[in-house]
Structures are given as C-alpha cells and as structure tokens.
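Reviewing the structure listed below.
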Amino acid sequence: MHLPPTQDEVVSVLRETGALRDGHFEYSSGLHSNEFLQVPLAMRYYQYQRMFSVGLSRLLRANAEIRALVPHLSIVAPATGGLPVAYGVCEALRAKQVYWGETDPDGGPMRFRQYLEQNPDEPVILVDDILRTGNKLGQLRRLLNSRGAQVMALAVIIYQPNPEIQDFGSLPLYYLAKLEASYYSDCTRCELCKRGVPLEKVLT
Ligand SMILES: [Zn+2]
C-alpha cells in the first residue's frame, strides 16, 4: 500500500468493505444508477480510516501555504459522514481543532452549535467523505465565510462529480480517487431497466 494510496488501492478497499457495489440501484430521489457508494462502510475499519485520512493529510501538507498554517487550522465537516475523515486528518496533520455543521431537519439553514465561534481569519480545511453535488460543502463554505473564517481548501476521499456540481472556483480540491457513475433520472431513461437488470432500492 502506498501513501497516499493510489486510485486502484482506494477502489479495492471500497469493494472489499462493501462500500462500492455494482448493480442496478434506485435512490430515494428516484435516480437510477449502476453503482452504490457509501464510504462510511469502509470507514468502519480503523486501518482504512487511518489510511485514507493520512493519505489526505499528505496531499494537504504538500501545499506550502496550508503547511505553514497547520497549528491554526480548523478541520470542518458538513455532516456526520465527514467526521471520521475530519478527526483522522486533524490527527495526522496535528491541526488545531475539528467541528461540523448542523443541518436543520426542518430545512432551515446550516448552522454551528451554540457558542461555537470562529477566530478572525481562522484558516479552515473543509473535509467530507465524498464530493458529488457539493451542496452541503457549498453551504458550509458560505456559512464560514459569513463568520470571517478563511476557507483554504477542500479535501475528500472520493470525488464523484455530479453534472450539477457546485462551482468552487479556484479553491484547491484534494481527493484520493475519482469515480464516475452513470445516473438516470427515471426508469424510462435507464439503460439497466431496459436490459431487465434486477433493481435494488437503497436509502440514500
Ligand atoms: Zn433502472
């Protein structure tokens, strides 16, 4: 195993742990896909959580601007799936702290826990297990910017860009593997439905 792990090594861990499955899946949104990917299934195992986190921290440390700010860095995740990544990256980098955004179940804006405040110009690395549309990461970035923090980079284990991905401009993006999946908006457009491949409903 290399550090950071290669794309093939990451994919092999995802398959071995059941985090990545081929088939014919229907998501709760109605989308059909040939692939199921849930990184938390791989993060159940400490050695893989560590391998991915240390790999990402190596990529971040290679950026001189980030390296210089490490003792002051906050590692911030938009949701629970990002927490094992956030703590792993913080430990490997020896960064200052970890915290995360809270999403209101009633659809309100993302927020932080009460009394959690940013320092002026606080440098932040946004982390998550996966970047697809970037909706939550985009919300988190805007929230941090509105509170005076300075978002330096975005780091994810898997980059799986969706056609509707948010534009993060010139913000540096670090990832361990890039995966493409086919998505179909509904059954009538789905190649797998046309071929009669058995369909499995999934919860995400
Ligand atoms: Zn289908």
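Whatever order the structure lists them in is the order used to number ligands and atoms, beginning at 1. No hydrogens, no waters, no symmetry mates; every other heavy atom, side chains included, goes into these values.
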Close to the Zn ion (ligand 1), meaning under 2.8 Å, how many protein N, O or S atoms are there? 4
State, with a plain yes or no, whether a side-chain heavy atom of [X] is found less than 4.5 Å away from one of [Y].
X      : Y      : value
Ile158 : Leu14  : yes
Met110 : Arg142 : no
Leu176 : Leu59  : yes

Do we see a donor-acceptor contact under 3.5 Å between the side chains of Asp8 and Thr6? no
Residues at least two apart in sequence or cross-chain that pass side-chain contact (heavy atoms from CB on, under 4.5 Å) with Cys190, listed by chain then number, are His24, His32, Tyr184, Leu192, Cys193
Check Lys201 with Glu26, please: is the shortest side-chain N to carboxylate O separation under 4.0 Å? yes
